[in-house]
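Working notes for the structure below.
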Amino acid sequence: MSKPENTFQELAGVPVHYDRAPSAGYGTRGIPYTFHCTEPFEATLHAAFEALWAACPLGTAEVITSAGAYVDKSGLHGAGRAFDIDGIFWPDKAFITNQYPSDRRFYLAVESVLRKHLGTVLNYKFDAAHQDHFHVSGRGEPGFVPGHESRVLYWQMALTHLFDRPVTVDGLTGPETNGASRALLRALDMAEDDEMSTAGALHRGLDRAWEDLLDAAAERGFRGVAGEAEQTPLQLLEALYATIHRGRTGRAGEPKGRRERRDYVRPAPRHRRLA
């Protein structure tokens with residue numbers, strides 16, 4: 001396919017820079033660049049990043065960095081329907097995709113938002129070639145598909161690191177992953193046991209609940225991000241002292257037996273009952 005005439009230099013109001021050699025360096029804010037892709041795919045990217053700015057406590061970023069969109073080769077890049085995300089820079093946080101091992105929860109929160117809009121997201125665990133970027137494309141519709149390795153890998157990573165239900169991350173749906181998925185849907189009140197009686201029924205249930213599950217995953221991954229980014233060392237010490245004090249006396253000196261829960265409570269998720 002020939003290079004699409006449609007171009008973009010920003011997405012959802014944020015400049016998109018190129019950060020690869022020889023023009024720039026990976027992990028930096030890169031340089032301004034003009035990217036090519038189809039108009040419908042650009043609209044999908046805009047929607048995905050607008051949703052990310054809304055979901056992330058850090059708000060709108062300053063720069064998105066990329067290894068490219070249209071590339072003269074076969075596949076979705078050659079069709080102008082793929083985009084590689086290397087990093088996202090906020091004033092107080094630099095998110096670089098190859099730092100997944102040390103920033104798992106935030107990484108998976110970002111991926112959770114992207115998956116609400118894009119059918120294909122290849123991540124750090126997909127293969128060695130994708131450890132330094134998200135490859136997102138217009139292949140397929142968003143949803144849970146048990147035969148798609150990239151979607152199962154993401155779900156296993158989310159179960160393990162966001163929902164505290166560790167499973168083997170191998171891209172295969174089996175008894176371990178299915179068991180953890182059933183337990184999570186039951187805990188979130190998204191399905192009853194008789195709605196998940198077989199593997200097929202469970203997978204259809206995951207697909208129907210997918211959007212709510214992605215919202216729940218993103219919320220968990222982004223917890224505490226704004227506070228961590230904004231606190232000074234003195235504020236962190238004060239917070240530590242307050243935590244120790246609460247542990248000894250109850251919140252603000254109240255007896256523990258009378259203490260109320262006043263920390264942040266997540267609003268009830270928009271559950272969709274499974275038929």
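All residue numbers in this chain count up from 1 along the given sequence.
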With a 4.5 Å limit on heavy-atom distance, are the side chains of Arg115 and Ser150 in contact?
yes
Contacts of type side chain to side chain donor-acceptor pair (under 3.5 Å), residue Glu176, not counting sequence neighbours
Thr168
Excluding sequence neighbours, so at least two apart, what forms side chain to side chain contact (heavy atoms under 4.5 Å, CB included) with Ala43?
none
Do Tyr18 and Ser66 have side chains that get closer than 4.5 Å, going by heavy atoms?
no
Do Arg105's NZ or CZ and the ring of Tyr107 fall within the cation-pi criteria of under 6.0 Å and 45°?
no
Which residues share a side chain to side chain donor-acceptor pair (under 3.5 Å) with Arg151, sequence neighbours left out:
His148
Could you give the distance from CZ (Phe83) to SG (Cys37), rounded to the nearest 0.5 Å?
8.5 Å
Please round to the nearest 0.5 Å and tell me the distance separating atom CG of Asp193 and atom CZ of Arg186.
4.0 Å
When you measure from the side chain of Ser102 to the backbone N and O of Gln99, does any donor-acceptor pair fall under 3.5 Å?
yes
For Ile88 versus Ala61, what's the shortest heavy-atom pair and its separation?
CG2-CB, 3.5 Å
Shortest non-hydrogen contact between Pro4 and Gly80, atoms and distance:
CG-CA, 4.0 Å
Gap between atom CG of Leu45 and atom CG of Leu118 - 0.5 Å precision:
6.0 Å
Assess the residue pair Ile31 and His17 against the criterion (side-chain contact (heavy atoms from CB on, under 4.5 Å)); give the C-alpha distance rounded to whole Å, side-chain angles, the decisive distance to 0.1 Å, and a yes or no.
CA-CA 5 Å; Ile31 60 172; His17 290 180; 5.6 Å; no
Nearest 0.5 Å, please: how far is CG in Leu108 from CZ in Phe222?
10.0 Å
What are the two closest heavy atoms between Asn98 and Pro101, and how far apart are they?
O-CD, 3.8 Å
Treating Ile, Leu, Val, Met, Phe, Trp and Tyr as nodes and any side-chain heavy-atom pair under 4.5 angstrom as an edge, say whether Phe126 and Leu114 lie in one connected cluster.
yes
Sub-4.5 Å side-chain heavy-atom contact between Asn123 and His130:
no
Close side-chain approach of Tyr33 to Ser23, heavy-atom, < 4.5 Å:
no
Side chain proximity check, Tyr154 to Val169, heavy atoms < 4.5 angstrom:
no
Phe89 with Val16, same ILVMFWY side-chain cluster at under 4.5 Å
no
Side-chain polar contacts of residues 133-142 - donor-acceptor pairs under 3.5 angstrom, sequence neighbours left out - could you list them?
residue: His135; atom: ND1; partner: His77; partner atom: NE2; Å: 3.3
residue: His135; atom: ND1; partner: Asp84; partner atom: OD1; Å: 3.3
residue: Ser137; atom: OG; partner: Arg139; partner atom: N; Å: 3.3

Run the side chain to side chain contact (heavy atoms under 4.5 Å, CB included) test against Asn178 and tell me which residues pass, sequence neighbours left out.
Thr173, Arg182, Ala199, Leu202, His203
Residues pairing under side-chain hydrogen bond (donor to acceptor under 3.5 Å, both in side chains) where one sits in residues 38-49, two or more places apart or in two chains, turn out to be Asn6-Glu42, Glu42-His46
For Ala48 and Val113, work out which heavy atoms get closest and say how close.
O-CG1, 3.9 Å
All heavy atoms of Ser112 vs all of Ala217, minimum pair found to be OG-CB, 3.4 Å
Could you tell me if Lys93 sits above the aromatic ring of Phe106, with its cationic atom closer than 6.0 Å to the ring centre and no more than 45 degrees from the axis?
yes
Would you call Trp155 and Phe144 a side-chain contact if the rule is heavy atoms closer than 4.5 Å?
yes
Tell me the salt bridge (charged side-chain N to carboxylate O under 4.0 Å, His left out) pairs involving residues 18-28, sequence neighbours left out?
Arg20-Asp86, Arg20-Asp132
Find out whether Met157 and Arg104 are in side-chain contact, i.e. whether some heavy atom of one side chain is under 4.5 Å from a heavy atom of the other.
no
Are Tyr70 and Leu76 joined in one hydrophobic group, where the rule is that I, L, V, M, F, W and Y side chains link up if heavy atoms are under 4.5 Å apart?
no
Return the minimal non-hydrogen interatomic distance between Thr28 and Gly25, and the atom names on each side.
OG1-O, 2.6 Å
Nearest 0.5 Å please: distance from the CG atom of Leu214 over to the CD atom of Glu219.
13.5 Å
Take Leu122 and Lys125, measure what side-chain contact (heavy atoms from CB on, under 4.5 Å) needs, and give me the verdict at the end.
CA-CA 8 Å; Leu122 305 184; Lys125 288 289 189 178; over 6 Å; no
Would you indicate whether the side-chain heavy atoms of Val110 and Leu52 approach each other to under 4.5 Å?
yes
Do NZ/NE/NH1/NH2 and the carboxylate oxygens of Arg29 and Glu62 come within less than 4.0 Å?
yes
By ring-ring contact (aromatic ring centres under 6.0 Å, His included), which residues pair with Phe49, not counting sequence neighbours?
Trp53
Roughly how far apart are Thr65 OG1 and Ile96 CD1, rounded to 0.5 Å?
5.5 Å
Only counting residues at least two apart or in another chain, list the ones meeting side chain to side chain contact (heavy atoms under 4.5 Å, CB included) with Gln131.
Tyr124
Going through the checks in order, is the side-chain contact (heavy atoms from CB on, under 4.5 Å) test met by Leu185 and Leu213?
CA-CA 9 Å; Leu185 288 176; Leu213 289 168; 4.1 Å; yes
ring-ring contact (aromatic ring centres under 6.0 Å, His included) contacts touching residues 176-196 (sequence neighbours left out)
none
Donor-acceptor pairs under 3.5 angstrom involving side-chain atoms of residues 8-15: please list them, not counting sequence neighbours.
residue: Gln9; atom: NE2; partner: Thr34; partner atom: OG1; Å: 2.8

Residues passing the side chain to side chain contact (heavy atoms under 4.5 Å, CB included) test with Ala54, sequence neighbours excluded, are none
Would you kindly confirm whether Met196 and Phe163 end up in one hydrophobic cluster when ILVMFWY residues are joined by side chain heavy atoms under 4.5 Å apart?
yes
Are Leu153 and Ile85 connected into the same hydrophobic cluster when the rule is that any two of I, L, V, M, F, W, Y join if their side-chain heavy atoms are below 4.5 Å apart?
yes
